[in-house]
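In what follows, a single structure is set out as structure tokens and then discussed.
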Amino acid sequence: MCGIVGYVGHRSALDVVVAGLQRLEYRGYDSAGVALAIPGEQQLHSVKRAGKLANLIDALADEPLPEAHTAIGHTRWATHGPPTNRNAHPHQSGRVAVVHNGIIENFATLRASLEAAGRELVSETDTEVVAHLLDLELEKTPDLADAVRAVCRCLEGAFTLVIADSTNPDVVVGARRNSPLVVGRGHGENFLGSDVAAFVEFTREAIELGQDQVVTITADDIVVTDFDGNPAEVSPYHIDWDIAAAEKGGYEWFMLKEIAEQPHAVADTLLGRHAANGQLQLDEMRLSDDELRDVDQIVIIACGTSFYAGMVAKYAIEHWTRIPCEVELASEFRYRDPILTRSTLVVSISQSGETMDTLMAIRYAREQRARVLSICNTNGATIPRESDAVIYTHAGPEIAVASTKGFLAQIVACYLLGLYLAQVKGIKFRDEISRILADVGAVPNAIQRVLDDADHIRKLARELAQHRSFLFIGRHVGFPVALEGALKLKELAYLHAEGFAGGELKHGPIAVVEDGTPVFAIVPSTSYAALRDKVISNIQEVRARGAQTVVLVEEGDDSALPFADHVIRLPKVPTLLQPLVATVPLQIFACELASQLGYDVDQPRNLAKSVTVE
Ligand code: G6P
């Protein structure tokens, strides 16, 4: 969602901010803008444009701004009012310009009182309200940070705010509540960003801001307080990935790079978890073994692709731990009065760690006294910070909006959790756990083989590119794989695509099968023969009704071949690990098909990487 950059230092502030916004493009946005502060001038310079960053860059080339060393910038993902030049950030009032991520929930009341007091607001945004409140506050107090703190105390909802001030051109102030903001520490320069990608090109030293904090940066200083002005503790950290990790590395799309990185994502998520004595260890686990032994119910909450990772995980966790495990969409969870107790373990899965639906769900769970463990790919993000325990996936930065390597790493992390619970509860012996971990350890090679043999998948995508409707069927762990395969096609290629449990076909979905409809079927591994035979029957059912079948089946298993119009071979792995290999061809298929149709694979229309509104 919205990307934010702030800069004070010795470089051209405009160049730094535009570079930062480019790095944040992956978050998804539909307009962009910048504002510069220049000493001796009583006015800020601002340019904003609807559409892609290229429009803003063109506008800046047409009407160059003066050299400045202080700037703020923003990419907006529209919430209040359409993506127009006028609604784009920054929003100005008097001496200040404000950029904002999140939603100010009491903005209608605040706007009404501003208008009643004679203020004229020119945009439809909630953000402009903040600019006016700040301008009013600055009539009472000349200090920008004081004014920001006072305004923040009146705001409800979620916000990251970053502000430039023509009267204090050497200062940028930021504030956050329920929305991320990080500080980059340089030499003679400091940065603010929605995430570290905004400034990792310039510095790898960062500071995490806590909830309800205000930060003031100058070229040489960083001051952090709470909303009442009390000095706040900060936690500095070193960013351990470099800019190359956030660049395309020669691939046409970030998504292709991220698909190719999956063997590493899986291997790195496993790294360091298995002690020499055979004991499984999860270093970021802050819940004691006694607390985990008490767990008698698991509820997994997540959104989008992460939700499907949770669906896969349920099969393994219940099988290994015998603890009942439910999976629920985070956006539904807290509205249904779920039954949670002190012995419920709520597991949130979020690649970004900032998804608002998931964040609100874990807050609710903690209020109900449940324990919360988060599986997350982003160090220091809000969700892991607010959890009782964290398992970080080590997939590296995921830039493409549609998740790929994040998904596989999440499944692995969930499996580690399942095995860990089985270990502490004494349900599985160490050697059993070691055997399963050895199987997971072999998965990166299996994924690599799928990647090395992907030409025919791309060819198939080009062949089927004229179809407008695709179905995906699977059973057991193949069912969430079918859902994920369909989601990828929807997200990237804007096609009608639906995933079903194979057994449900005959209860309705089979009615939509027409002559030539492509139906992808994920055939369970031969180690689950009874289920495999059921899926083969499902394949015959759709084929008898004219479907063109694309069968994903294990190497060496020829039982489905007579009913397959197209075959995608999967390396042989145990049943519960099949999603880790079966998802990969579906990602490649969707990516190639979307490229074939000429779409922006990394930033699909209407979608955002990090959805920070409910
Ligand atoms: C957005 C993205 C999806 C992602 C979902 C959950 O909708 O477009 O790709 O799966 O958010 O994101 P999270 O960061 O919580 O895993």
Side-chain angles (χ1 to χ4, degrees), residues 1-2 25-30 77 79 101 158 178-180 194-195 197 253-255 258-259 265 269 300-313 327-333 346-363 372-387 390-393 395-414 480 483-494 499 583 586-587 590-591 594 599-614:
M1 294 225 148
C2 306
E25 277 195 285
Y26 76 89
R27 295 172 72 91
Y29 69 101
D30 38 37
W77 189 80
T79 56
N101 178 27
N178 296 337
S179 173
S194 315
D195 64 55
W253 301 108
F254 277 112
M255 187 169 169
E258 288 158 11
I259 289 172
T269 301
I300 300 180
I301 47 178
C303 304
T305 290
S306 301
F307 175 69
Y308 297 146
M311 283 181 73
V312 172
V327 192
E328 175 132 21
L329 289 168
S331 53
E332 290 291 314
F333 176 70
V346 169
V347 177
S348 87
I349 309 178
S350 174
Q351 187 285 131
S352 62
E354 299 292 351
T355 300
M356 188 56 75
D357 287 320
T358 311
L359 176 61
M360 290 304 162
I362 67 159
R363 283 192 183 158
V372 173
L373 179 147
S374 290
I375 290 175
C376 182
N377 194 41
T378 314
N379 253 280
T382 310
I383 291 173
R385 276 218 309 272
E386 296 199 13
S387 301
V390 189
I391 301 175
Y392 281 112
T393 48
E398 194 178 66
I399 308 294
V401 166
S403 184
T404 53
K405 61 177 180 173
F407 176 69
L408 262 55
Q410 287 166 345
I411 295 174
V412 172
C414 287
L483 293 170
E484 173 62 6
L487 180 64
K488 281 288 153 286
L489 260 191
K490 277 185 262 212
E491 287 177 310
L492 303 180
Y494 319 147
T583 309
L586 304 182
Q587 299 165 339
C591 194
Y599 297 135
D600 183 334
V601 168
D602 287 337
Q603 292 177 47
R605 70 180 181 202
N606 304 341
L607 299 181
K609 181 73 181 159
S610 177
V611 182
T612 48
V613 292
E614 268 187 280

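Counting starts at 1 for both ligands and their atoms, following the listed order.
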Exercise for the section: Assess the side chains of Ser387 and Ser374: does a donor N or O sit below 3.5 Å from an acceptor N or O? Expected result: yes
Exercise for the section: List every atom of ligand 1 that sits less than 4.0 Å from any heavy atom of Ser306, numbering the atoms from 1 in the order shown and giving each element. Expected result: 10 (O), 13 (P), 16 (O)
Problem - Side-chain donor/acceptor of Glu354 to backbone N/O of Thr382, under 3.5 Å - result: yes
Practice task
Look at the side chain of Asn377 and the backbone N and O of Pro397, then say whether any donor-acceptor pair between them is shorter than 3.5 Å.
Solution key: no
Practice task
For ligand 1, find out whether one of its N or O atoms is nearer than 3.5 Å to an N or O atom of Val401.
Solution key: yes
Fill in the blank from the handout: Here the atoms of ligand 1 under 4.0 Å from any heavy atom belonging to Thr305 are 10 (O)
Practice task
Run the salt-bridge test on Lys405 and Glu398 with the 4.0 Å N-O cut-off and return the result as yes or no.
Solution key: no
Problem - Any donor-acceptor pair under 3.5 Å from Gln351 side chain to Ser403 backbone - result: no
Problem - Side chains of Glu484 and Thr305, donor plus acceptor under 3.5 Å - result: yes
Handout entry: Test of proximity, Thr358 against ligand 1: N or O pairs below 3.5 Å
Key = no
Completion exercise
If you scan protein heavy atoms around atom 5 (C) of ligand 1, the nearest is Cys303 O, 4.0 Å
Problem - Distance filter under 4.0 Å to Val611 heavy atoms, resulting ligand 1 atoms - result: 1 (C), 7 (O)
Practice task
Go through ligand 1 atom by atom and flag the ones less than 4.0 Å from a non-hydrogen atom of Glu491.
Solution key: 9 (O)
Practice task
For atom 2 (C) of ligand 1, state which one of Gly304, Ala608, Ser403 supplies the nearest heavy atom.
Solution key: Ala608
Practice task
Could you tell me whether ligand 1 has any atom less than 4.0 Å away from a heavy atom of Glu354?
Solution key: no
Practice task
Return yes if some donor-acceptor pair links the side-chain N/O of Tyr308 with the main-chain N/O of Leu487 below 3.5 Å, else return no.
Solution key: no
Completion exercise
atom 12 (O) of ligand 1 sits nearest the protein heavy atom Thr355 OG1, 3.4 Å
